[in-house]
Amino acid sequence: MTPTTRRTLEFLLDNLVWVILLAVLALFSLFIPNYFQLGIFANIIEASSVLGVMSIGLALVIIAGHMDLSVESVAALSAMTVGMLFCSAGIGMGLTVEPEWLLAPISLLLGMLVGGIIGAINGVLIVKVKMNAFIVTLASFIWVRGIVLAVSGGRSAQDLAPAIRWFGIQRLLGLPLTAWIAILCFVIFSFIMAKTPFGRHLLMIGGNENAAFRAGIKVNRILITAFILAGAIAGLSGWLLAIRTSGATANLGTGMLFNAFAAVVIGGISLKGGVSALPGVYAGVLLLSSINTAINLLQLPATSTQLIHGLLVLAAVLLDTLKLKLRQKLA
């Protein structure tokens, strides 16, 4: 096999989910009436913004060889915190500041702070106390959602402050600013994973934690940082979710965890850790959103969504196994 052929195959393996996404979009455009429209494609990108951001935080922890089941509940608590403080109806307190534009950064920082604190709790229990990541984050998934229910009393906050809601209304090149925030997050964290010591060390820890420790990498510090980042990013996704719904409800974001896992796996990140493919995760999110749009246009039952997503995850795991065997042959 020539070096050119090997490089071509490596490139295709690394970007296989993008090829699948383009093929799916082409097929849907050919066979589904009214699918091939700029407005439809813009809606696909817009609808994937919240899930896309949540998937980044989840991906960071999985790359490190761990698990975080709490991101969905963290996003819900962040959204409820923002909703209760800055909504003017329901259980919202309608807080305001002068000048009013400061509401957006203040609410964003508050939402990310809530998530970062929960991420820090998860990280310390897992890394310092040596508890199992699955159990710790499953417990967080439950108790954080319990806080959401407790503080809201099962009620909702409505009419988010216009200065915050502006990010979901204002458009740039046909997309709301919330979608551009998601895209920017993927660009930033893809750069971090590819070009910074933190990203390289996180990959090494996910590949072999003991070897990374012997190489002098501060494993505990980086792992706790990864969990804090996962929580803060989930908080950001909660802020985006509050903007998207102009408020918050007690069951906001229910079911997003499983879609985030689907996007991460479809995007090419191995659940064994040590594999970074954040651009692929974004393609996985867009693929899920494209399929959801097709299901809506075809007016298929809602159960079709879960069925197709489940089959996609199985297919992604199978593809991951096949890619691993191909890489071993290419080596």
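If you're wondering where the values come from, they're calculated on a predicted model, not measured in any experiment.
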task: Identify, with sequence neighbours excluded, every residue that meets side chain to side chain contact (heavy atoms under 4.5 Å, CB included) alongside Pro279.
output: Trp18, Ser190
field: Euclidean distance, Leu85 CG relative to Leu110 CG, rounded to 0.5 Å
entry: 6.0 Å
field: side chain to side chain contact (heavy atoms under 4.5 Å, CB included) between Val281 and Ile56, intermediate numbers included
entry: CA-CA 8 Å; Val281 172; Ile56 293 172; 5.7 Å; no
- line: Nearest heavy-atom approach of Ala230 to Asp68 is CB-OD2, 3.7 Å
- line: Sorted by chain and residue number, the ring pair (Phe, Tyr, Trp, His ring centres under 6.0 Å) partners of Tyr282 (sequence neighbours excluded) come out as Phe186
message: Ser152 vs Met80, test: side chain to side chain contact (heavy atoms under 4.5 Å, CB included). Steps then yes/no.
response: CA-CA 8 Å; Ser152 67; Met80 183 57 73; 3.6 Å; yes
query: Sub-3.5 Å donor-acceptor pair from the side chain of Ser237 to the main-chain atoms of Ala234, do we have one?
result: yes
- request: Drop me the distance from Leu203's CG to Met193's CE, to the nearest 0.5 angstrom.
  value: 4.0 Å
field: Pairs meeting criterion side chain to side chain donor-acceptor pair (under 3.5 Å) with involvement of residues 132-142, two or more places apart
entry: Asn122-Ser140, Ser140-Trp143
query: Can you check whether Phe227 reaches Val124 side chain to side chain, under 4.5 Å on heavy atoms?
result: no
- prompt: With the 4.5 Å side-chain cut-off for hydrophobic clustering, are Ile222 and Phe191 part of the same group?
  reply: no
query: Once you round to the nearest 0.5 Å, how far does CG of Asn220 lie from CD1 of Ile205?
result: 8.5 Å
- request: Give a yes or no answer on whether the side chain of Arg145 reaches the backbone of Ser70 with a donor-acceptor pair at less than 3.5 Å.
  value: no
task: Taking all non-hydrogen atoms of both residues into account, name the closest pair between Arg200 and Ala194 and its distance.
output: NH1-O, 4.5 Å
query: Roughly how far, to the nearest 0.5 Å, is CD1 of Ile266 from CG of Leu287?
result: 5.5 Å
query: Any side-chain heavy-atom pair from Ser156 and Ile91 closer than 4.5 angstrom?
result: no
field: Residue list, ring pair (Phe, Tyr, Trp, His ring centres under 6.0 Å) with Phe189, at least two apart or on another chain
entry: none
query: Would Phe134 end up clustered with Val71 when hydrophobic side chains under 4.5 Å apart are linked, directly or stepwise?
result: yes
task: Give a yes or no on whether Ile169 and Ile181 share a hydrophobic cluster (residues Ile, Leu, Val, Met, Phe, Trp, Tyr; joining criterion: side-chain heavy atoms under 4.5 Å apart).
output: no
message: Could you report the tightest heavy-atom contact between Leu278 and Ala59, atom names first, then the distance?
response: CD2-CB, 3.7 Å
query: Which pairs count as side chain to side chain donor-acceptor pair (under 3.5 Å) when at least one residue sits in residues 99-121, sequence neighbours excluded?
result: Ser107-Trp239
- request: For Ser289 and Val285, indicate whether the former's side chain and the latter's backbone hold a donor-acceptor pair under 3.5 Å.
  value: no
query: Looking at CG of Leu77 and CD1 of Ile117, how far apart are the two atoms once the value is rounded to the nearest 0.5 Å?
result: 9.5 Å
- prompt: CD1 of Ile118 to CD1 of Ile228: how many Å apart, nearest 0.5 Å?
  reply: 12.5 Å
query: Cluster question for you: counting only ILVMFWY and a side-chain heavy-atom cut-off of under 4.5 Å, with indirect links fine, are Val74 and Val151 together?
result: yes
query: Does the side chain of Phe28 reach to within under 4.5 Å of the side chain of Leu297, using non-hydrogen atoms?
result: no
- request: Any side chain to side chain donor-acceptor pair (under 3.5 Å) involving residues 242-251? Give me the pairs, sequence neighbours left out, ordered by first then second residue.
  value: Thr249-Asn251
- prompt: Within a strict 4.5 Å, meaning less than it, do heavy atoms of the Leu229 and Thr225 side chains meet?
  reply: yes
message: Quick one, Val144 and Glu72 - any side-chain contact, counting heavy atoms below 4.5 Å?
response: no
- prompt: Who are the side chain to side chain donor-acceptor pair (under 3.5 Å) partners of Glu209, not counting sequence neighbours?
  reply: none
- prompt: Taking all non-hydrogen atoms of both residues, which atom of Val53 and which atom of Cys185 are closest, and how far apart?
  reply: CG2-SG, 4.5 Å
message: Among residues at least two apart in sequence or on other chains, which ones pass ring pair (Phe, Tyr, Trp, His ring centres under 6.0 Å) with Phe141?
response: none
query: Between Asn259, Leu286, Leu241, which is the residue that forms a side-chain contact (heavy atoms from CB on, under 4.5 Å) with Leu51?
result: Asn259
- request: Please report the closest heavy-atom contact between Gly111 and Ser78, naming both atoms and the distance.
  value: CA-OG, 3.2 Å
- prompt: Should Phe167 and Leu240 be marked as a side chain to side chain contact (heavy atoms under 4.5 Å, CB included) after you check the CA-CA gap, both sets of side-chain angles, and the distance that decides it?
  reply: CA-CA 9 Å; Phe167 282 86; Leu240 294 172; over 6 Å; no
message: I want to check something: taking the side chain as every heavy atom from C-beta on, are Leu160 and Val82 in contact at a cut-off of under 4.5 Å?
response: yes
query: Partners of Leu311 by side chain to side chain contact (heavy atoms under 4.5 Å, CB included), sequence neighbours excluded?
result: Leu307
message: Is there a path of hydrophobic side-chain contacts, each under 4.5 Å between heavy atoms, that joins Leu184 and Trp180?
response: yes
Residue pairs fulfilling side chain to side chain donor-acceptor pair (under 3.5 Å) with at least one residue in residues 292-302, sequence neighbours excluded: Asn292-His309
query: Would Met112 and Leu108 count as a side chain to side chain contact (heavy atoms under 4.5 Å, CB included) if you check the C-alpha gap in whole Å, the side-chain angles of each, and the deciding distance to 0.1 Å?
result: CA-CA 6 Å; Met112 294 183 70; Leu108 171 59; 3.8 Å; yes
- request: Could you tell me which non-hydrogen atom of Leu252 sits nearest to which non-hydrogen atom of Ala79, and how far apart they are?
  value: CD2-CB, 3.6 Å
- request: State, with a plain yes or no, whether a side-chain heavy atom of Trp166 is found less than 4.5 Å away from one of Pro176.
  value: no
query: Taking only residues two or more places apart in sequence or in another chain, which ones pass side chain to side chain contact (heavy atoms under 4.5 Å, CB included) with Ala64?
result: Leu202, Leu223
- prompt: Hey, does Ile233 have a side-chain heavy atom less than 4.5 Å from the side chain of Met54?
  reply: no
For residues 37-50, dump all side-chain donor-acceptor pairs below 3.5 Å to protein atoms at least two apart in sequence or in another chain.
| residue | atom | partner | partner atom | Å |
| --- | --- | --- | --- | --- |
| Gln37 | NE2 | Asn34 | O | 2.5 |
| Asn43 | ND2 | Gly39 | O | 3.3 |
| Glu46 | OE1 | Arg171 | NH2 | 3.2 |
| Ser48 | OG | Ile44 | O | 3.2 |
| Ser48 | OG | Ile45 | O | 2.8 |
| Ser49 | OG | Glu46 | O | 2.8 |

